[in-house]
2 protein chains.
Amino acid sequence: MYQAKLEKDIRCPLEYGLDVFGGRWKSRIICVLAHQGTLRYGILKGEMTNITDAVLAQNLKELIADGIVRRTSFDEIPPRVEYNLTEKGESVVPILQTICRWSGAYHREISGLSIAQCRKCDYTAEKRS
Amino acid sequence: MYQAKLEKDIRCPLEYGLDVFGGRWKSRIICVLAHQGTLRYGILKGEMTNITDAVLAQNLKELIADGIVRRTSFDEIPPRVEYNLTEKGESVVPILQTICRWSGAYHREISGLSIAQCRKCDYTAEKRS
DNA sequence: CAGTATCCTATTAGATACTG
DNA sequence: CAGTATCTAATAGGATACTG
């Protein structure tokens with residue numbers, strides 16, 4: 001008999017962290033918001049390369065549910081919605097920086113590309129406040 | 001026309017790092033090896049809860065290919081194979097510790113469980129050398 | 001503008017059986 | 001013992017069309 005997938009029962013903190021900001025898109029969204037501050041949906045989408053609305057909306061929902069991103073909608077026509085990091089969201093930025101620095105040491109050997117070519121995640125740049 | 005999935009073209013260092021030690025299993029494997037040192041296949045499997053051979057073997061292969069884990073096989077009957085972290089592998093442990101500490105601050109509010117219940121990832125314990 | 005809805009594909013995980 | 005092979009299942013990602 002086929003068993004249904006095992007629940008993520010007693011979750012370790014590592015898994016929680018990787019759920020919240022791991023994956024292909026979430027870390028980049030946090031990354032972009034950390035640099036650009038508050039962004040409207042369309043601008044945020046433009047800062048992510050090759051993301052579709054379906055995927056961006058899904059990831060934003062999860063980030064909001066996890067308390068990483070704050071959504072502010074204005075009652076205007078045309079509609080305006082802005083996204084920025086919460087305090088909890090800001091607190092993961094140093095972790096992403098650490099990963100970036102670690103990866104930077106090995107990145108070239110893998111891709112042949114300099115870390116400098118990744119502008120979106122360039123944590124060496126000054127962060128705007 | 002349906003387009004094939006976009007390649008991960010110019011990869012940012014963040015993505016590289018999350019590829020290498022993100023995901024459900026890789027971080028745990030690194031975690032266990034960081035604590036237990038060198039382990040045989042069977043013991044390693046036992047330290048991971050609910051992993052199948054297919055999945056463990058697959059993840060180990062990738063970790064070896066990425067230079068995180070070293071595989072040593074002994075020419076004995078029955079066969080003996082040992083796994084441990086490389087220097088590169090050891091260098092990601094502090095990152096996992098950081099994630100652990102960050103998550104610990106939010107873990108309880110999510111799961112209702114204390115961080116202490118996650119023994120496998122308990123980086124507060126002394127690491128054996 | 002800021003998304004939903006729907007459908008499809010690609011990737012990852014899990015179960016089971018088997019082998020050098 | 002330490003896996004491989006082969007299958008199915010679950011999930012994440014992607015394309016396209018459409019809406020308040």
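The chains referred to below are lettered A, B, ... by the order of the sequence lines, with proteins before strands, and numbering in each begins at 1. Computed from heavy atoms alone, side chains included, the values below leave out hydrogens, waters and symmetry copies.
Between dC1(D), dT4(C), dA2(D), one nucleotide has an atom nearer to the side chain of Pro78(B) than all others, and that is dC1(D). Among the nucleotides dG13(D), dA2(C), dC1(D), the one closest to any side-chain atom of Arg40(A) is dA2(C). Taking only side-chain atoms of Arg71(A), from C-beta outward, the nucleotide of dG3(C), dA2(C), dA13(C) with the closest atom is dG3(C). Each of dG3(D), dA2(C), dG14(C) was ranked by its minimum atom distance to the side chain of Val81(B); first place goes to dG3(D).
The distance between atom NZ of Lys45(B) and atom C1' of dA2(D), rounded to the nearest whole Å, is 10 Å. Atom-to-atom, CZ of Arg24(A) to P of dG13(D) comes out at 8 Å; the value is rounded to the nearest Å. What separates CD1 of Ile77(A) from C1' of dA2(C) is a distance of 11 Å, to the nearest Å. In this structure, Asp75(A) atom CG and dG3(C) atom P are separated by 13 Å, rounded to whole Å. One atom, CZ of Arg80(B), and another, P of dG3(D), lie 13 Å apart when rounded to the nearest Å. The CD-P distance, from Glu82(A) to dC1(C), rounds to 14 Å in whole Å. Rounded to whole angstrom, the span from the CD1 atom of Ile51(A) across to the P atom of dT16(D) amounts to 16 Å. Going from atom OH of Tyr41(A) over to atom P of dT19(D) covers 17 Å, rounded to whole Å.
Nucleotide dG20(C): paired with dC1(D) (Watson-Crick or G-U wobble, both distances less than 3.5 Å).
If Ala54(B) and Gly42(B) are placed on DNA chain D by their nearest nucleotide, the residue sitting closer to the 5' end is Gly42(B). Closest-nucleotide positions on DNA chain D for Pro79(A) and Glu62(A) were compared, and the one nearer the 5' end corresponds to Glu62(A).
One N or O on the side chain of Thr86(A) and one on the backbone of Gly67(A) form a donor-acceptor pair closer than 3.5 Å. Under a 3.5 Å cut-off, the side chain of Lys26(A) and the backbone N or O of Leu18(A) do not form any donor-acceptor pair.
As judged by a 4.0 angstrom heavy-atom cut-off over every strand, Val55(B) is placed among the base-contacting residues. Backbone-only contact: Lys61(B) has heavy atoms under 4.0 Å from sugar-phosphate atoms and none from a base. Within the 4.0 angstrom heavy-atom criterion, no nucleotide atom of any strand lies near Phe74(B).
Of all the heavy atoms in Pro13(A) and Ser103(B), the pair that sits closest is O-OG, 2.7 Å. Pairing each heavy atom of Leu14(A) with each of Leu96(B), the nearest pair is CD1-O, 3.7 Å. Taking all atoms of both residues into account, the shortest heavy-atom contact from Lys88(B) to Ile68(B) is CG-CD1, 4.0 Å.
An OP1 or OP2 oxygen of dG3(C) is reached within less than 4.0 angstrom by a side-chain nitrogen or oxygen of Tyr83(A).
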